[in-house]
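Just so it is clear: chains get the letters A, B, ... in the order the sequence lines come, proteins before strands, and each one is counted from 1.
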Amino acid sequence: MPELPEVETFARSIAGGVGGEALVSSTSSGLRYVKESVCEVEDIAPGTVIEGYRRHGKALFLKLSSGRWLYIHFGMSGRPLVFDGDEPPYTRLRLDFEGRSLSVQDPRRLGGVGVLDSPEDYLLPRRRGPDALSVGREELLSRLKGGRAVKAALMDQSLIAGVGNLYADEVLFQAAVLPRRRVDSLHEEERAAVHEWIGRALRASLDAGTDLSRLPEGMMLRVRSKDGTCPRCLIPWSVGTVGGRTSYFCEGCQR
DNA sequence: TTTCATGTTCAGCA
DNA sequence: GTGCTGAACATGAA
């Protein structure tokens with residue numbers, strides 16, 4: 001599930017669900033620790049409170065009352081669930097508070113965790129680019145260079161952070177640019193459209209509660225499937241691999 | 001049984 | 001250095 005809109009939604013539900021409550025205990029199993037982690041989640045002191053969060057791209061940092069940050073990455077299949085009672089299946093990280101508990105379920109275990117002194121301890125070594133939701137036009141355009149496929153560039157977290165395979169397809173569909181186009185072949189209007197649609201696509205998903213079937217008419221993620229068709233031309237999607245990922249695009253609308 | 005999957009990282013190669 | 005491909009990670013779902 002998780003690209004930027006999903007992670008932002010996860011963050012809000014965690015903050016709303018267990019924010020401000022006192023931690024009783026925490027455990028993790030099966031998730032990989034980032035090497036910058038200063039301790040294990042079991043070492044977070046009882047009584048610690050989640051005071052807020054920071055999200056950068058697809059990475060989430062929960063602000064702890066100790067001053068440290070709990071880093072969570074949801075990988076490909078992770079999602080949080082506030083629960084009360086039986087532990088949900090595939091729970092890989094569990095935080096028990098006085099009232100209820102937080103599970104991070106992750107069947108595929110491709111997510112990551114860590115306890116950090118600062119989010120920058122994670123972000124800087126990985127040279128993460130600016131967050132895709134707030135990147136300015138000039139900043140994006142100055143970073144958008146090189147001869148590689150534009151879709152590969154959009155998914156490169158060191159260029160901008162937060163766009164993954166699905167939203168890259170949506171952005172390029174709306175900007176009417178084929179995913180294999182070289183970045184340095186984009187015209188000025190196309191570059192501007194790419195920037196505009198990064199923001200619009202991510203916000204549209206947030207507004208729809210990340211339920212892609214609830215996206216506005218005309219967005220491709222509603223119908224991005226093998227038997228789906230372009231909402232404009234009504235011709236079937238072309239499917240191919242770009243940047244190592246399956247890509248859907250419309251050969252009628254995108255140039 | 002085989003293939004594919006909304007992510008990240010790294011090795012190998014042109 | 002740039003950019004691409006494939007693989008690994010681990011497991012469910014089609």
Does one side chain, of A:Tyr71 or A:Ser37, offer a donor that lies under 3.5 Å from an acceptor on the other?
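There is no such pair between these side chains.
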Nearest-nucleotide comparison on DNA chain C, the residue closer to the 5′ end among A:Ala149 and A:Gly30:
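Between the two, 5'-proximity favours A:Ala149.
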Take the protein atom [atom1] of [X] and the nucleotide atom [atom2] of [N], then report the distance between them rounded to whole Å.
X: A:His73; N: B:dG7; atom1: NE2; atom2: P; value: 8 Å
X: A:Leu159; N: B:dG7; atom1: CG; atom2: P; value: 16 Å
X: A:Ile72; N: B:dT8; atom1: CD1; atom2: C1'; value: 17 Å
X: A:Arg148; N: B:dA14; atom1: CZ; atom2: C1'; value: 17 Å
X: A:Arg224; N: B:dT6; atom1: CZ; atom2: C1'; value: 8 Å

It should be established whether A:Lys58 places a side-chain nitrogen or oxygen under 4.0 Å from OP1 or OP2 of nucleotide B:dT8.
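True: A:Lys58 side-chain N/O within range (under 4.0 Å) of B:dT8 OP1/OP2.
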Hey, is the main chain of [Y] close enough, under 3.5 Å, to the side chain of [X] for a donor-acceptor pair?
X: A:His56; Y: A:Gly129; answer: yes
X: A:Glu170; Y: A:Trp197; answer: no
X: A:Arg79; Y: A:Phe74; answer: no

Same-atom distance (P) from B:dT3 to C:dA7, integer angstrom:
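Rounded to whole Å, the distance is 13 Å.
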C:dT5 to B:dC4 separation - P atoms, rounded to the nearest Å:
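One P to the other, the span is 16 Å.
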Between A:Pro119 and A:Arg54, is there a side-chain heavy-atom distance shorter than 4.5 Å?
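Yes, at least one pair of side-chain atoms sits under 4.5 Å.
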Show me the protein contacts with nucleotides 1-5 of chain B, counting only N or O atoms at under 3.5 Å.
unit_1: B:dA5; atom_1: OP1; unit_2: A:Thr246; atom_2: OG1; d: 2.8
unit_1: B:dA5; atom_1: OP2; unit_2: A:Thr246; atom_2: OG1; d: 3.1
unit_1: B:dA5; atom_1: N3; unit_2: A:Arg108; atom_2: NH1; d: 3.1

Give the first and the last nucleotide of DNA chain C, reading 5' to 3', that has any atom under 4.0 Å from a heavy atom of chain A.
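Going 5' to 3' along DNA chain C, contacts run C:dG3 to C:dG12.
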Are [X] and [Y] ion-paired here, with the side-chain N under 4.0 Å from a carboxylate O?
X: A:Lys58; Y: A:Glu3; result: no
X: A:Arg191; Y: A:Glu196; result: no
X: A:Asp96; Y: A:Arg94; result: yes
X: A:Asp169; Y: A:Arg224; result: yes
X: A:Arg222; Y: A:Glu217; result: yes

Quick one: which residue pairs count as a salt bridge (Lys or Arg N to Asp or Glu O under 4.0 Å) with a foot in residues 8-26 of chain A, not counting sequence neighbours?
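Of all non-adjacent pairs touching residues 8-26 of chain A, those that pass salt bridge (Lys or Arg N to Asp or Glu O under 4.0 Å) are A:Glu8-A:Arg12, A:Glu8-A:Arg55, A:Glu21-A:Arg100.
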Give one of base, sugar-phosphate or nothing for A:Tyr90, where a contact means two heavy atoms less than 4.0 Å apart.
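Since only primed, P, OP1 and OP2 atoms lie under 4.0 Å of A:Tyr90, the category is sugar-phosphate.
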Please work out if A:Gly147 contacts a base, only the sugar-phosphate, or nothing of the nucleic acid, heavy-atom cut-off 4.0 Å.
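The residue A:Gly147 makes sugar-phosphate contact but no base contact.
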Each stem that DNA chain C is part of, given as range with range (3 or more consecutive Watson-Crick or G-U pairs, under 3.5 Å)
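Stems for DNA chain C, defined as runs of 3 or more consecutive pairs: B:2-5 with C:11-14, B:7-14 with C:2-9.
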Side chain to side chain donor-acceptor pair (under 3.5 Å) between A:Thr91 and A:Gln105: does it pass, once the steps are laid out?
CA-CA 4 Å; A:Thr91 292; A:Gln105 304 170 277; 5.4 Å; no
Proximal nucleotide (of B:dT8, B:dG7, B:dT6) relative to the A:Gln157 side chain:
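It is B:dT8.
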Evaluation steps, side chain to side chain donor-acceptor pair (under 3.5 Å), between A:Tyr90 and A:Ser103
CA-CA 9 Å; A:Tyr90 309 118; A:Ser103 162; over 6 Å; no
Only counting residues at least two apart or in another chain, list the ones meeting ring pair (Phe, Tyr, Trp, His ring centres under 6.0 Å) with A:Phe173.
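Ring pair (Phe, Tyr, Trp, His ring centres under 6.0 Å) check on A:Phe173 returns A:Trp237.
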So which protein N/O to nucleotides 9-12 of chain B N/O distances come out below 3.5 Å?
unit_1: B:dT9; atom_1: OP1; unit_2: A:Arg126; atom_2: NE; d: 2.9
unit_1: B:dT9; atom_1: OP2; unit_2: A:Arg128; atom_2: NH1; d: 3.4
unit_1: B:dT9; atom_1: OP2; unit_2: A:Arg128; atom_2: NH2; d: 3.3

